[in-house]
Amino acid sequence: ITISNSYGVVIPRQGLQANQATLQVSTDNQGAPVQWRPLLTSPPVSPVGSFGISDVQFTNPYAGNFTDLKIRFAVFGAVLFPGDIIKLRLPDFTGEMISIQNEGTLSSPVNAVRTVTWHPDTEEIIISMA
């Protein structure tokens, strides 16, 4: 059975865990009635405002060496607006403070990010959305 989203069923904003026990099924069949029981399988669903994708890759993945960072993220159920901030904590990473203005090469879509700043004192990369 497939029920179209046009009928307006909405997944809870807090998301769902895999095989969430509160999702249940029953039947009133006279020959084989079944009381409410959890569905055997159901997929996890990320809550509104959670990261569906978040990862970092290093071009030179060797301890103590300089490296490029490739950071990917996607926020589920929310739109990032100009001025919104994404923080990435990188404990024990070192380097001088630097702030990079996006000139069309920092992000995809091209102008989604305004600045990326590395703060060695807090061990954080601050990404400011454009």
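Bear in mind the structure is a predicted one, so any value in this text is a computation, not a measurement.
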Any donor-acceptor pair under 3.5 Å from N19 side chain to S42 backbone: yes
Closest non-hydrogen atom pair, P33 against G31: CD-C, 3.8 Å
Close side-chain approach of M97 and H119, heavy atoms under 4.5 Å: yes
Chi angles and distances behind the side-chain contact (heavy atoms from CB on, under 4.5 Å) call for T115, I127: CA-CA 6 Å; T115 59; I127 300 166; over 6 Å; no
Residue pair F58 / D68, side-chain heavy-atom distance below 4.5 Å: no
Shared hydrophobic cluster, V56 / W118 (ILVMFWY, side-chain heavy atoms < 4.5 Å): yes
Main-chain N/O of T67 paired with T59 side-chain donor or acceptor, under 3.5 Å: no
Closest non-hydrogen atom pair, P120 against E96: CG-C, 4.1 Å
Crowding at CD1, I11 (>12 non-hydrogen neighbours, <6.0 Å): no
Nearest atoms (heavy-atom pairs only) where N29 meets A32: OD1-N, 2.9 Å
side-chain contact (heavy atoms from CB on, under 4.5 Å) evaluation trace for L90 with I125: CA-CA 8 Å; L90 300 171; I125 291 177; 3.6 Å; yes
Co-membership, hydrophobic cluster, residues I71 and I98, 4.5 Å side-chain: yes
Exercise: identify the closest heavy-atom pair between Q20 and G15: OE1-O, 4.3 Å
Neighbour count >12 (heavy atoms, 6.0 Å) for atom CG, D28: no
Test item: F73 and L80 side chains (from C-beta on) under 4.5 Å apart, heavy atoms: yes
Same apolar cluster (I L V M F W Y, side chains within < 4.5 Å links), F51/L88: yes
Validation row: S26, Q35 side chains within 4.5 angstrom (heavy atoms): no
Shortest non-hydrogen contact from T117 toward S99: OG1-OG, 2.9 Å
Note, N60 side chain near F66 side chain (heavy atom, < 4.5 Å): no
salt_bridge(E123, R89) N-O dist < 4.0 Å: no
Close side-chain approach of T27 to W36, heavy-atom, < 4.5 Å: no
More than 12 heavy atoms of other groups within 6.0 Å of Q17 CD: no
Separation of R13 CZ from S50 OG (nearest 0.5 Å): 11.0 Å
I3 side chain reached by I1 side chain, heavy atoms, under 4.5 Å: yes
L23 vs L16, side-chain contact (heavy atoms from CB on, under 4.5 Å): CA-CA, chis, key distance, verdict: CA-CA 9 Å; L23 302 180; L16 300 168; 4.2 Å; yes
Same apolar cluster: I86 and L69, side chain cutoff 4.5 Å: yes
Side-chain (N102) to main-chain (V113) donor-acceptor, under 3.5 angstrom: yes
ILVMFWY cluster, L39 and V45 together (side-chain gap under 4.5 Å): yes
